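Values below: every heavy atom of this structure, side chains too, minus hydrogens, waters and symmetry copies. A quick note: this is a predicted structure, and the numbers were derived from the prediction, not measured.
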Amino acid sequence: IDHIKYSITSKLNLLLSQKISNFYKALFYGNKSFIDTVTLSKVKKSGSLHMLAASGMHVIILLLLPTLLFSKLLVNKKIFYIINLFILLFYYSLTDSPTSLLRAILMYSIAIGFYIQNIQRDSFNILFVTALIIVLINPAEFYNLGFQLSFSATFGILLFFSKIEKRIYLPGIFRKSLALSLSANIFTIPLLLYHLNEINLTGFISNIFILPIVGILFVSGIIVLLVSCINEQIAVILSKGITLLYDLFELCTGFFSSFSGHFFVAERNFILTGIIILLLLSIVPVIKNKKVYIISTLFLYLI
């Protein structure tokens, strides 16, 4: 494993500039310490720091390639899912073992187990069983902020994503990104206020634009690494496209970090906690008129 990790790191250093290479190390391994403090500060202020944590997004992207290759070839779906599981476990062994990635892989593993045993699957049950397993293995994880944020964000997405998505009148990818951001933040904002006395309101908007870019960067990085094993010259050409994508990422994070939407709260107070109530208002189907709903929702978020 160490040899493979060293090989990946060497190829990243060879194909990309030091700054972009460090970004990919953070993105692939789930370790933000690779990124320089200036870039990290911009990413944090823009509300997109969570994207660098290896999590469910990484799992979904990693399974795209085997899904395209094997889903039609393998008649036995159980074999297909087990292959996917081995891919995820291999990737986990390369990372710095973040809780968010462990949670995503465990959820996938439990879902596969339910499928093989013909047990009816329920996302909420799978989430809570996953949390139980992690806490049984290491009870101290329950008090870890990363554990709390990962599970609370996932719980919010499972509970509210579909409801919020129906109430957002935007084109497909923008609607899904905003719904994902809002539903995840409903339970994470109180945790950040409680533990760190900080809050970031810029992320609600920035995630709509930055999330797709990070996803494309992740996919592009994997493709370039795979191509480099076959033909290094083609990989060098493809890496130029990555440089342009990374420049776009920096442009977006720099733009949104200038909004000053990330700030610290000297004292915990009910006014800022009331933001959660405003978030929840997004899913209440009271206003039927679309124009009235959009204007009133924007007004609430501005407050």
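Of all heavy-atom pairs between L85 and S109, the closest is CD1-OG, 3.0 Å. Taking each heavy atom of A54 and P98 in turn, the nearest pair found is CB-CG, 3.8 Å. Closest approach of K11 and C229 over heavy atoms only: CE-SG, 4.2 Å. The two residues I210 and C252 make their nearest non-hydrogen contact at CG1-CB, 3.9 Å. Taking each heavy atom of N31 and S33 in turn, the nearest pair found is OD1-OG, 2.5 Å. Across T154 and L127, no two heavy atoms sit closer than the pair CG2-CD1, 3.8 Å.
The existence of a salt bridge linking K32 and D96 is excluded, since no basic side-chain nitrogen approaches an acidic carboxylate oxygen closer than 4.0 Å. With salt bridges taken as basic N to acidic carboxylate O contacts below 4.0 Å, none links E141 and R103.
The closest donor-acceptor contact from the side chain of S228 to the backbone of L225 lies under 3.5 Å. Proximity of a side-chain donor or acceptor of H195 to a complementary backbone N or O of L192 within less than 3.5 Å is not detected. Side-chain N or O atoms of H50 include none that pairs as donor or acceptor with a backbone N or O of S150 at under 3.5 Å. Using a distance-only test at 3.5 Å, with no hydrogens or angles considered, no donor-acceptor pair links the side chain of K25 to the main chain of S21. A donor-acceptor pair is defined here as one N or O able to donate and one able to accept, closer than 3.5 Å; no such pair exists between the side chain of S41 and the backbone of T37. Between the side chain of S206 and the main chain of S46, a donor-acceptor pair closer than 3.5 Å is present. Here the side chain of K5 pairs a donor or acceptor atom with the backbone of L94 at under 3.5 angstrom. No donor-acceptor pair under 3.5 Å is formed between the side chain of N185 and the backbone N or O of T188. At least one donor-acceptor pair closer than 3.5 Å links the side chain of T243 to the backbone N or O of S239.
Using cut-offs of 30° and 60° on the angle between ring planes, the pair F124 and F155 is perpendicular.
Note on L27 and L64: separate hydrophobic clusters, where clusters join Ile, Leu, Val, Met, Phe, Trp and Tyr whose side-chain heavy atoms are under 4.5 Å apart, directly or indirectly. Placement of I237 and I242 in two distinct hydrophobic clusters is found when ILVMFWY residues are connected by side-chain heavy-atom separations under 4.5 Å, directly or transitively. No continuous path of ILVMFWY side-chain contacts below 4.5 Å connects I87 to I60, so the two sit in separate hydrophobic clusters. Clustering ILVMFWY residues whenever any of their side-chain heavy atoms sit less than 4.5 angstrom apart, transitively, puts L244 in a cluster other than the one holding I223.
Aromatic rings of F147 and F151 (six-membered ring for Trp) have centroids within the 6.0 Å cut-off, being under it. F218 and Y24 have their aromatic ring centers separated by at least 6.0 angstrom. With ring centers used as reference points, F23 lies 6.0 Å or more from F34.
For the residue pair N13/S10, the side-chain donor-acceptor check at 3.5 Å is not satisfied. Checked by atom type, the side-chain pair Q148/N144 shows no donor-acceptor distance below 3.5 Å. S17 and Y246 form no side-chain donor-acceptor contact under 3.5 Å, judged by distance and modelled atom types alone.
Between K44 and S257, the closest side-chain pair of non-hydrogen atoms is not below 4.5 Å. For the pair L211/S48, no side-chain contact is recorded, criterion being any heavy-atom separation below 4.5 Å from C-beta on. I112 places a side-chain heavy atom less than 4.5 Å from the side chain of Y108. Between I105 and L101, the closest side-chain pair of non-hydrogen atoms falls below 4.5 Å. Contact annotation: the side chain of D122 never approaches that of F114 to less than 4.5 Å [non-hydrogen atoms, C-beta and beyond]. For the pair S183 and I164, the minimum side-chain heavy-atom distance is below 4.5 Å. Within the 4.5 Å cutoff, side-chain heavy atoms of Y29 are placed close to those of T9. The side-chain heavy atoms of I35 and V43, taken from C-beta on, include no pair separated by under 4.5 Å.
For the atom pair CG (L159) and CD1 (I186), the distance works out to 8.0 Å, reported to the nearest 0.5 Å. Distance check: E165 CD to K176 NZ gives 4.0 Å after rounding to the nearest 0.5 Å. A distance of 6.0 Å separates CG of D247 from CD1 of I20, quoted to the nearest 0.5 Å. Note that the CD1 atom of I157 and the CG atom of L180 stand 4.5 Å from one another [nearest 0.5 Å]. From T130, atom OG1 reaches atom CD1 of I110 across 3.5 Å, with rounding to the nearest 0.5 Å.
As a member of the Ile/Leu/Val/Met/Phe/Trp/Tyr network built from side-chain separations under 4.5 Å, L132 groups with L136.
Other residues, nucleotides and ligands contribute only 12 or fewer heavy atoms inside 6.0 Å of the CZ atom of F142. Around the NZ atom of K42, the shell of radius 6.0 Å holds no more than 12 heavy atoms that belong to other residues, nucleotides or ligands.
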Stepwise side-chain contact (heavy atoms from CB on, under 4.5 Å) test for L191 and S152: CA-CA 9 Å; L191 285 171; S152 61; 3.3 Å; yes
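By the 6.0 Å and 45° rule, K45 does not stack over the aromatic ring of F256.
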